[in-house]
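Side-chain atoms are counted along with the backbone in the values below, which use heavy atoms only and exclude waters and symmetry mates.
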Amino acid sequence: HAIKRKIKETETKQTSLILLTVGAALNVDVLKYDEETLSALLRVPSRGLVKLWSSLTLQGSYKNQTCAFRVLQVSPFLLALTGNSRDLRLD
Amino acid sequence: MCADLSRTPRNLLVCERSSFLDEKNRLSFQVEQLRFNYKVSLLLPECGSAPSHLESTLNSFSRFYLVKKLPIYELLDKDFLQNAVYQGSVYGLSFGTRIDEDNCVALMPNGRLVLSLDKDSYEMLGFEGRPSRFNHRTCSRFVVPVDLKERSMAPGSPGYRRLLRALSSHLKLQTDFLISHHPGGGAALKALLSRYDWSERRPEVCSRRLSDLVCPDLRSCDPHSLLEWLGAADADVSCQNSSSSFLSTLTCPEPTTTLAAALSASVSGLLLPQDVQRLVEQLRCHLQQEQTASWASVTVHGFADGPVSWGDEEHGVLTGGENFYNLLMFHDHTYRLHLATGPQDGCPP
């Protein structure tokens, strides 16, 4: 457990570094941001997916405001993100 | 550890080039194999609004029905089997259920009923099935496929009675259900629908006009870049990569042309392969008739949470549940077809 905690602490510091310094570690593209739904489309090279996903998961606050990121879908195909049947609403 | 972090789940992309004039082209078969279609998107160049024949095709996609809290044993009802399953094709899918979390049900046009169950539900059901292909270390998911058209599952047979007892007593599986019938439509499903809270739905059609769309060379563009560009057009993502913005480096693959106008249209709901086939034929006519139309793109997305995707292949969701294909048709009857699946899928046909 001790080892795990240590890794998590290190990762959290690395996470902040990644998020604060855009492009320093990973080339992340913000393809689209929708202010109404507070959702975004991001693009990252495959080798950086786990780092980016971990960073988003661990990011709990920004400028002293609590926040959370929820990853809705991940795919190597941008085209797949425009046809997610979980968006189908039949109320 | 770094090597592990760079690995991502595998996806499959099948790429094909053929011609409608080639007798051996398998497009009709491939379209028919993706049974449960959620969304069909079109991209038409040099087109500000949908031509009337295409608009009427989009608006005439078959209606489907949403049944609230349908007990799944009702799919074994003798009248339903006689009037719907044995005559024509039923397309049925549980709605609001997630294949990675909940129990999901699909009724396929070939009469196969597929249940995708978690371990507890499978054990309660007490009917033969098999572990999911996509179980990781423990068997947490099971698939129960039943051929309702087989003689061993005819009403009154021992197998039929066992399944009926399993679904009505042991595991009282009940979900919201999307259902459609070809060619009978609602008439074939009337008896089933009348017993529950149901509503008829029309597939939703949307369209928008795109201006100054930067477009790659569609014949020579590599598949991944092509699909990325199509995704960008569909998602309304800019490929400008202007020097004043550091947000995105996405660009259109070179060489490029700029289209003054393009039409992006989509229809979504429970869509039948027969309607997709009809749309493809209408697009072919459009390409032959319109001088300015040199190509047309159709993307068809399958349901992310269906127990099956292509044919009878088991389907699951890991990081995503994509199962889609893109058909890029040209004026000279040739086409490029790309069929893609996610990590928990078999190979597309």
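- Counted within 6.0 Å of CD on B/Glu200, heavy atoms from surrounding residues, nucleotides or ligands total more than 12; the atom is thus considered enclosed.
- Listed by chain and number, the residues in a ring-ring contact (aromatic ring centres under 6.0 Å, His included) with B/Tyr65 are B/Trp198 (sequence neighbours excluded).
- Among the residues in residues 31-39 of chain A, those with a non-hydrogen atom closer than 4.5 angstrom to a non-hydrogen atom of chain B are A/Leu31, A/Lys32.
- Under the salt bridge (charged side-chain N to carboxylate O under 4.0 Å, His left out) criterion, no residue pair touches residues 64-75 of chain A, with sequence neighbours excluded.
- Contact count versus chain A (heavy atoms, under 4.5 Å) is highest, among B/Val317, B/Leu66, B/Asp236, B/Val237, for B/Val237.
- Nearest approach of B/Asp234 to A/Thr82, heavy atoms of both residues: OD2-OG1, 2.9 Å.
- When all heavy atoms of B/Glu322 and A/Pro76 are compared, the pair lying nearest together is OE2-CD, 3.8 Å.
- Proximity to chain A is absent for every atom of B/Ala233, based on heavy atoms less than 4.5 angstrom apart.
- Here the CG-CG distance, from B/Leu178 to A/Leu90, works out to 6.0 Å after rounding to the nearest 0.5 Å.
- Residues B/Glu228 and A/Leu79 form no side-chain contact, since every pair of their non-hydrogen atoms from C-beta on lies 4.5 Å or further apart.
- The two residues B/Ala235 and A/Leu41 have their closest heavy-atom pair at CB-CD1, 4.0 Å.
- With values rounded to the nearest 0.5 angstrom, B/Ser268 atom OG is found 9.5 Å from A/Asp87 atom CG.
- Distance CG/B/Leu270 to OG/A/Ser85: 11.0 Å, rounded to 0.5 Å.
- The list of salt bridge (charged side-chain N to carboxylate O under 4.0 Å, His left out) pairs with a residue in residues 97-108 of chain B, not counting sequence neighbours, reads A/Arg86-B/Asp100.
- Of the listed residues B/Arg201, B/Lys39, B/His224, the one with more heavy-atom pairs under 4.5 angstrom with chain A than any other is B/Arg201.
- The contact between B/Phe324 and chain A is made entirely by side chain atoms (from C-beta outward), counting heavy-atom distances below 4.5 Å.
- In this structure, chain A has a heavy atom under 4.5 Å from the backbone of B/Thr341, while its side chain stays farther away.
- Nearest heavy atoms, A/Phe77 versus B/Ala340: CE1-CB, 3.6 Å.
- Proximity to chain A is limited to the side chain of B/Phe64, based on heavy atoms less than 4.5 angstrom apart.
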*Let me see the working for A/Gln73 and B/Thr319 under side chain to side chain contact (heavy atoms under 4.5 Å, CB included), right down to the final yes or no.*
CA-CA 6 Å; A/Gln73 191 183 1; B/Thr319 54; over 6 Å; no

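- Of all heavy-atom pairs spanning A/Asn84 and B/Ala304, the tightest one is OD1-CB, 4.0 Å.
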